[in-house]
Amino acid sequence: MDFSLSEEQTAIFEMAHDFGQDRIAPNARAWEAEGTIPKDLWPDIGALGFGGLYVSEDNGGAGLGRLDATLVFEALSMACPSVAAFLSIHNMCAKMIDAFAAPDLRDRVLPGVVSMNTVLSYCLTEPGSGSDAAALRTRAERTNEGYRLNGTKAFISGGGYSDAYVVMARTGDDGPKGISTVYVEDGRDGLSFGGLEDKMGWKSQPTRQVQFDNCDIPAGNLVGEEGKGFTYAMKGLDGGRLNIAACSLGAAQAALNMTLTYMSERKAFGQPINQFQALQFRLADMEIELQAARTFLRQAAWKLDQGAPDATKFCAMAKKFVTETGSKVVNQCLQLHGGYGYLADYGIEKLVRDLRVHEILEGTNEIMRLIVARQMVAA
Ligand SMILES: Cc1cc2nc3c(=O)[nH]c(=O)nc-3n(C[C@H](O)[C@H](O)[C@H](O)COP(=O)(O)OP(=O)(O)OC[C@H]3O[C@@H](n4cnc5c(N)ncnc54)[C@H](O)[C@@H]3O)c2cc1C
């Protein structure tokens with residue numbers, strides 16, 4: 001058993017880290033205040049191969065494994081977890097097209113997706129269905145030319161911002177087998193967006209409802225086969241969960257690094273606060289927890305890369321454990337900064353706000369427990 005990263009993996013981490021520190025970190029607060037990420041950032045990220053991280057090389061992607069991808073998200077999140085998480089959603093959609101779309105659709109859209117001139121959003125959640133995603137009601141009715149969409153998607157990251165939407169919609173009966181996946185380009189008649197959601201964190205990513213009102217798309221925009229959309233959507237989520245966990249890990253590591261520096265400079269009672277043993281123990285606990293989270297995350301990613309039968313269970317366990325560890329660590333880091341931790345200038349309070357949602361999306365952490373417990377009971 002070898003726990004070390006290969007030379008190639010170390011290079012991938014460093015490339016993502018350097019790009020993040022150079023191009024994202026200096027702007028993260030401004031983008032948060034503006035409520036948007038400049039669109040021209042994405043083609044530069046695409047040029048690094050990060051627009052199709054696990055899209056096969058035959059289809060123009062980087063062809064990386066899931067473990068490699070977690071390194072990219074861990075490294076980029078050290079600059080800003082909101083920007084990194086948005087890239088994860090794009091990659092989840094890119095992989096669905098790579099893996100399941102017919103050659104016509106794939107060849108038409110993937111080059112733009114991989115280069116990130118086309119930025120994608122993932123549309124599963126609806127106002128009335130989140131955890132119970134298979135209860136979705138958006139309909140895609142067959143027409144002579146293709147499909148006519150009606151319904152509303154809620155909480156869509158990149159809603160009103162992205163260039164195209166990968167949408168799970170009902171083409172058949174109730175239940176998961178009645179769901180299909182379709183590709184909807186921005187600008188289609190009948191596609192509109194709700195108001196900008198005012199959120200706790202992830203503020204640089206616009207979140208809006210995505211609304212379909214007799215929105216027609218051609219038959220060629222069906223991704224894969226009718227009735228398989230829910231399976232495709234769930235397949236994307238194992239990797240999405242690893243990425244979100246990696247985003248928590250990277251941001252928490254960045255917070256711990258900042259805290260170590262701060263504690264060596266800040267004095268109280270005549271000495272740097274890093275000399276108080278009670279606080280040293282907290283530093284040690286955070287280090288232990290983050291190292292455990294990193295090892296667990298990489299094990300889950302390795303299982304997914306191997307196609308292990310228990311990969312889904314491990315992805316769920318890692319998502320729950322790492323996102324909760326990340327939130328706990330950034331909150332502790334805020335505490336160790338005293339009042340300054342509460343000020344935006346010190347960069348910690350943003351991380352507390354950004355990481356909170358990682359416990360809610362890509363399946364809530366209650367749903368992660370459900371996945372784990374069901375498999376335990378069934379076995
Ligand atoms: C900032 C943000 C961005 C998002 N981006 C996207 C996106 O891009 N695309 C997308 O499709 N969705 C997105 N979502 C939606 C997200 O995936 C859902 O919010 C999430 O799945 C939870 O669904 P819900 O909000 O409807 O909560 P509900 O499903 O209503 O859950 C409410 C509570 O009940 C618990 N619960 C529900 N069922 C069970 C159960 N069986 N057992 C135990 N507990 C249960 C939940 O864990 C939760 O605590 C985003 C959400 C946010 C906040």
Side-chain angles (χ1 to χ4, degrees), residues 32 35-37 80-96 119-138 151-170 176 179 181-184 186 193-212 223 229-230 232-241 243-245 247-248 251 316 319-320 323-324 327 350 352-377:
E32 173 171 67
T36 192
I37 303 164
C80 175
S82 170
V83 174
F86 191 76
L87 181 68
S88 165
I89 295 169
H90 170 89
N91 269 281
M92 197 159 70
C93 296
K95 182 62 194 173
M96 286 169 75
V119 172
L120 300 181
S121 284
Y122 175 92
C123 302
L124 179 64
T125 306
E126 299 190 354
S129 59
S131 301
D132 185 12
L136 67 85
R137 299 174 59 160
T138 295
T152 300
K153 294 292 175 180
F155 289 115
I156 302 308
S157 303
Y161 167 90
S162 291
D163 302 296
Y165 299 86
V166 173
V167 181
M168 273 45 78
R170 194 163 294 288
I179 296 171
T181 301
V182 293
Y183 184 87
V184 184
D186 186 36
F193 307 98
L196 188 65
E197 303 290 2
D198 187 5
K199 312 191 292 293
M200 173 181 179
W202 274 27
K203 282 174 175 281
S204 59
Q205 291 186 32
T207 307
R208 292 188 181 86
Q209 286 196 345
V210 174
Q211 297 151 348
F212 305 98
V223 177
F230 195 70
Y232 302 158
M234 292 301 111
K235 283 205 169 142
L237 277 179
D238 275 344
R241 285 170 186 157
N243 296 347
I244 282 297
C247 290
S248 283
K319 193 268 186 185
K320 183 213 171 276
T323 57
E324 288 177 8
S327 293
K350 172 179 181 295
V352 174
R353 290 185 288 102
D354 280 346
L355 294 204
R356 184 61 182 86
V357 78
H358 298 185
E359 298 174 51
I360 296 171
L361 42 66
E362 308 279 352
T364 66
N365 283 3
E366 288 75 26
I367 297 301
M368 296 306 101
R369 289 188 188 89
L370 208 75
I371 292 168
V372 175
R374 271 188 191 150
Q375 295 204 13
M376 290 168 73
V377 170

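Atoms within each ligand, like the ligands themselves, are counted from 1 in listed order. The chain is numbered in sequence order, starting from 1.
Of the possible polar contacts, none joining the K350 side chain to the C80 backbone as a donor-acceptor pair under 3.5 Å is found. Formation of a donor-acceptor pair under 3.5 Å by the K319 side chain with backbone atoms of A245 is not found in this model.
Within the 4.0 Å heavy-atom criterion, the part of V357 lying near ligand 1 is the side chain and not the backbone. Residue L124 touches ligand 1 through backbone and side chain together, judged by heavy-atom distances below 4.0 Å.
Close contacts between ligand 1 and I360 involve ligand atoms 20 (C) [criterion: under 4.0 Å to a heavy atom]. Which parts of ligand 1 touch K199 is read off a 4.0 Å heavy-atom cut-off, strictly below it: atoms 1 (C). Those atoms of ligand 1 with a heavy atom of T364 less than 4.0 angstrom away are 22 (C), 46 (C), 47 (O).
Under the 4.0 Å distance rule, the nearest protein heavy atom to atom 35 (C) of ligand 1 falls outside the cut-off. Within a 4.0 Å radius of atom 12 (N) of ligand 1, the protein contributes one or more non-hydrogen atoms. Distance check for atom 32 (C) of ligand 1: every protein heavy atom is found at 4.0 Å or beyond.
Between S327 and E359, the side chains place a donor N or O and an acceptor N or O closer than 3.5 Å (distance only, hydrogens not considered).
The residues D354 and K203 are annotated as not salt-bridged, no charged nitrogen and carboxylate oxygen being separated by less than 4.0 angstrom. Electrostatic pairing of R170 and E126 does not count as a salt bridge here, judged by no charged N lying under 4.0 Å from a carboxylate O.
Looking at D132 next to ligand 1, no N or O pair under 3.5 Å apart turns up. Remark: ligand 1 and F155 share an N or O pair separated by less than 3.5 Å (distance only, no angle test). Taking distance alone, with nitrogen or oxygen atoms compared against 3.5 Å, T125 approaches ligand 1 more closely than that limit. At under 3.5 Å, a nitrogen or oxygen of Y122, whether backbone or side chain, sits near a nitrogen or oxygen of ligand 1.
For H358, the ring-ring contact (aromatic ring centres under 6.0 Å, His included) partners at least two apart in sequence or on another chain are W202.
Among all non-hydrogen protein atoms, the one lying nearest atom 41 (N) of ligand 1 is L370 CD2, 4.0 Å. Distance from atom 39 (C) of ligand 1 to its nearest protein heavy atom, with residue and atom name: I367 CD1, 3.9 Å. With respect to atom 2 (C) of ligand 1, the closest heavy atom belonging to the protein is L361 CD2, 3.7 Å. Atom 8 (O) of ligand 1 has as its closest protein heavy atom S157 N, 3.0 Å. For atom 29 (O) of ligand 1, the nearest protein heavy atom (residue, atom name, distance) is S131 OG, 2.6 Å. Taking atom 23 (O) of ligand 1 as the reference point, the nearest protein heavy-atom neighbour is G130 CA, 3.3 Å.
Side-chain rings of F212 and Y165 stay apart, their centers remaining 6.0 Å or farther from each other.
Nearest to atom 44 (N) of ligand 1 by heavy-atom distance, out of E366, E362, R356, H358, is E366.
Side-chain contact between I367 and E362 is absent, with no heavy atoms from C-beta onward closer than 4.5 Å. Residues I156 and R208 form no side-chain contact, since every pair of their non-hydrogen atoms from C-beta on lies 4.5 Å or further apart. Side-chain atoms of R353 and E32, non-hydrogen and from C-beta on, do get closer than 4.5 Å to each other.
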Open item on the list: I'd like to know whether S162 forms a side-chain contact (heavy atoms from CB on, under 4.5 Å) with L120, so could you lay out the CA-CA distance, the side-chain angles of the two residues, the decisive distance to 0.1 Å, and finally the verdict.
Closed with: CA-CA 6 Å; S162 291; L120 300 181; 5.9 Å; no
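Counting all heavy atoms, side chain and backbone alike, A316 lies closest to V372 at CB-CG2, 4.2 Å.
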